[in-house]
Structures are given as structure tokens and as C-alpha cells.
Amino acid sequence: MITILVVDDSRVSRLLSKQFIAQKHPDWTVAEAASGEEALEKLTHLSPALILLDLNMPGMGGFAAAEKIRPLRPAARIVLLTANVQDATRERAAALGIGFAEKPITETRIDQVIAFLESR
Amino acid sequence: MFKLSALQHDALVEIFNLGVGQAAAAMSRIVKEEVTMSVPLIAFQSRAQVAQTLGSGEGRRISAVAQQFVGAFNTEAFLMFPEEKSLEIVRLMVGQSLTMEELGEMEQEAMSEIGNIILNSCMGAFANASGRELQGSLPIYHAGTGDDILGLSGKEWDGVVLALKIDFNIEKRHIHGHVAFLLDMTALQDLQQYVDDYLAGLTK
């Protein structure tokens, strides 16, 4: 059973991610967190194969969350899913060894992220 | 009113063209329909002038998403749509899976996310053209007349609005949007410097 954790303060973004993942893989579990802090709390009992992380969230942002998640769940693939399309953001994601995907969240974008997970 | 030289103005239009192109593509992916846009018309106007363009005089109501950006220059950016089109845009975004009640509950959050995506597309072009990062705040949703929206920063304010008439035209729906940037005098000088640095970079 594959679990995916969607971390985004926007309820509609979580809803869209969940909807598109469920369409492709109805047997996968999609867990949600509305902040970096909540993601860390959920990771005490979840071992997701993939973590989709928004960047700009109240409290702990996506990069800070990724840095804390990495040692906790080294096997998980982390993808930053963000509206921030600045080169500096892509470069920082690459430096942290995490994937980068641009919002908006569409079926195609989620397909690409799933392909990234399945390519390992 | 604040003025740029012809060359500075051209450079600003060029950068906005990139940003608006990205924003229109993002909007098209959000609503799953063709989105056309006019070449951005850049005007430095007072808040009252922009509010009037937005129909403030007739009491026309607007759904707006505001986001602060700080970095090479500081600005408060707004994405604005007619309020009566807001639910329609959200419906296009989330599809038919939600009831009207759920849709209404999510309207503000969905509009905030759309604003976040569109405004970041515009500002991303600025950051990428110069290599200087712009930090964006969380998006905030507002509804009201143009006066209410653009007056939200209130206080004694000596700035202007860089009004970008983008005209997001969601083809089959006749929905038009606007983007505007509030800049105070310091931000205007920083923007001018930003444009000069950009031009200097082109001729190196």
C-alpha cells in the first residue's frame, strides 16, 4: 500500500491533489497536512513514499519542513509543489535534493509527480 | 505623476510580457480553457483613477487577492476579478465534484490560491530576469469595490498604482481580470533602479 502525504495550507490544493491521485490510483492512501508542523506530527506514524510540499505556508515553510523531514524519512521522495516559479527556488530545491513542480495542480502535473515516484 | 523614459518603459513591458504570458498559461491550466490576454498596458495612476476604472463609482464589486512582495523592490500586488464571476472561476478550477454549498465554502481559499499562482507567475518573471529573489507573503482575499480594495493599505500614502491591464479573457466565459501593483515612492525609485540594472545587464 502506497501512502502519499500532501502538505499545503490551501484546502483546495489538497483537495485537487487528492482527487487527481485517487483517479489514477484509487488504492493509494493520501494523507493531508495543512502546515510543515502538522506534517512532522503526521510523520511520527506515517511512512509515505512521496511527500508533496507547498513552499509558502504559515509557520514552517516548505524548505524548512523538507530539511526536518529528510532525516526522519530518508526513503521518502519529496517534491516541492509551488506557485513560486523563481529560478532561485528551483535551485534551492535542487541543492536540497528534492523535486520541483510548478502549480497549478492539474491532472498532468500530478501524473508527472507520480511518474517521478515510480521512476525510482 | 511618475514617469519612466521610453527605454525604461519598453524594458518594463518586456518583463511584464514574460510574466503575463506565464500567468495566462497558468490561468489556462487552472480553468482548463483557453485564456487570451492583451499586451499589458502599463500606466502609473493614482488609486482613485484605478478604482474608477474598476467601476468603483457605480459600486461594482471586485474579488481580489493581495500579496506583498519584498526584495529588489517592494510592492503589494493584486489580482482582481468581478465578484459575480468568482464562483464560476472556482467551479472551473475544482470541476463538478463539489456541491454549491461546498463550493461557496471554498470560494475564498480557491481564489487565494489562484491569486497566489497568477501573482507569483508575474513576479517570478521579474526575479528571473534579474536573478534577484522576491519574497512573497501569503495571499489574502478581499471583496469590495475598487476603492475598498486599493484603499486597504490606507494611511498617508504617497505612492502610485502600477496598473497592469492584463485582461485575462477566459474565452468562452467573458471573464476579465486585472492585475495592479501598489508602489510607494521608495518602491518606485527601486523599480526604476531595477529596470536600469536590467537594461545595463542586456548591454554587457
Side-chain angles (χ1 to χ4, degrees), chain A residues 6-24 26 30 32 34-37 52-65 80-95 100-113, chain B residues 18-19 21-23 25-32 35 65 67-69 71-72 79 89-98 102-103 105-141:
Chain A
V6 178
V7 188
D8 200 311
D9 60 315
S10 161
R11 197 163 36 139
V12 74
S13 293
R14 299 197 305 272
L15 175 103
L16 289 171
S17 296
K18 203 168 176 170
Q19 184 176 297
F20 292 133
I21 293 166
Q23 274 171 19
K24 273 267 150 31
V30 182
E32 297 178 39
S35 65
E37 289 86 350
L52 298 181
L53 257 186
D54 184 24
L55 175 63
N56 203 5
M57 295 182 283
M60 190 187 296
F63 283 130
L80 198 67
L81 185 52
T82 177
N84 185 328
V85 293
Q86 297 181 39
D87 293 340
T89 305
R90 292 171 198 270
E91 286 159 14
R92 208 169 301 151
F100 179 94
E102 273 179 31
K103 283 185 176 178
I105 296 164
T106 60
E107 195 174 351
T108 310
R109 184 68 73 230
I110 293 296
D111 285 351
Q112 287 166 348
V113 172
Chain B
L18 291 171
Q22 287 170 7
M27 192 71 200
S28 172
R29 290 196 295 271
I30 290 169
V31 298
K32 302 172 227 29
V35 173
V65 181
Q67 209 164 1
Q68 305 268 356
F69 287 89
L79 174 69
I89 294 168
V90 175
R91 169 66 80 195
L92 289 170
M93 181 190 199
V94 299
Q96 301 297 323
S97 59
L98 298 183
E102 290 169 321
L103 205 62
E105 273 174 29
M106 265 197 196
E107 182 181 356
Q108 295 192 9
E109 265 191 65
M111 287 304 291
S112 296
E113 187 61 5
I114 291 171
N116 185 35
I117 294 165
I118 300 305
L119 295 174
N120 269 286
S121 294
C122 284
M123 298 310 284
F126 272 91
N128 293 343
S130 67
R132 291 164 73 188
E133 205 173 344
L134 287 161
Q135 300 284 350
S137 69
L138 294 169
I140 298 173
Y141 176 86

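Within every chain, numbering begins at 1; the chains are lettered A, B, ... in the order of the sequence lines, protein sequences first and strands thereafter. Only heavy atoms go into these numbers, but all of them, side chains included; no hydrogens, no water, no symmetry mates.
Across every non-hydrogen atom of A:Q86 and B:A127, the tightest pair is OE1-CB, 3.1 Å. When all heavy atoms of B:A26 and A:P104 are compared, the closest pair comes out as O-CG, 3.5 Å.
With respect to chain B, the highest number of heavy-atom pairs below 4.5 Å among A:I105, A:L55, A:V12 belongs to A:V12. In terms of non-hydrogen atom pairs under 4.5 Å with chain A, the most contact-rich of B:S121, B:G95, B:A110, B:P139 is B:A110. The choice from B:R132, B:E109, B:M123 that makes the most heavy-atom pairs within less than 4.5 Å of chain A is B:E109.
Between the OG atom in A:S13 and the CE atom in B:M93 there is a gap of 5.5 Å [rounded to 0.5 Å]. The distance from the CG atom of A:N84 to the CG atom of B:L134 is 9.0 Å, given to the nearest 0.5 Å. Here NZ of A:K103 is found 12.5 Å from CD1 of B:I118. Values are rounded to the nearest 0.5 Å.
In this structure, chain B has heavy atoms under 4.5 Å from both the backbone and the side chain of A:S10. Of the two parts of B:S112, neither the backbone nor the side chain holds a non-hydrogen atom closer than 4.5 Å to a non-hydrogen atom of chain A. A:R90 does not touch chain B: none of its heavy atoms, backbone or side chain, sits under 4.5 Å away.
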**OP:** Starting from the C-alpha separation in whole Å, work towards a yes-or-no answer on side chain to side chain contact (heavy atoms under 4.5 Å, CB included) for B:R29 and A:E102.
**Re:** CA-CA 11 Å; B:R29 290 196 295 271; A:E102 273 179 31; 3.9 Å; yes
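Between B:E133 and A:D87, every side-chain heavy-atom pair lies at or beyond the 4.5 Å cut-off. Proximity of A:T82 to B:N120: side-chain heavy atoms (C-beta onward) are nowhere separated by under 4.5 Å. The closest side-chain heavy-atom distance from B:E105 to A:R11 is below 4.5 Å. Side-chain atoms of B:L98 and A:L15, non-hydrogen and from C-beta on, do get closer than 4.5 Å to each other. Looking at heavy atoms from C-beta onward, B:Q67 lies in side-chain contact with A:N56 at the 4.5 angstrom threshold.
A salt bridge is absent between A:R14 and B:E113: the closest approach of a Lys/Arg side-chain nitrogen to an acidic carboxylate oxygen does not fall below 4.0 angstrom.
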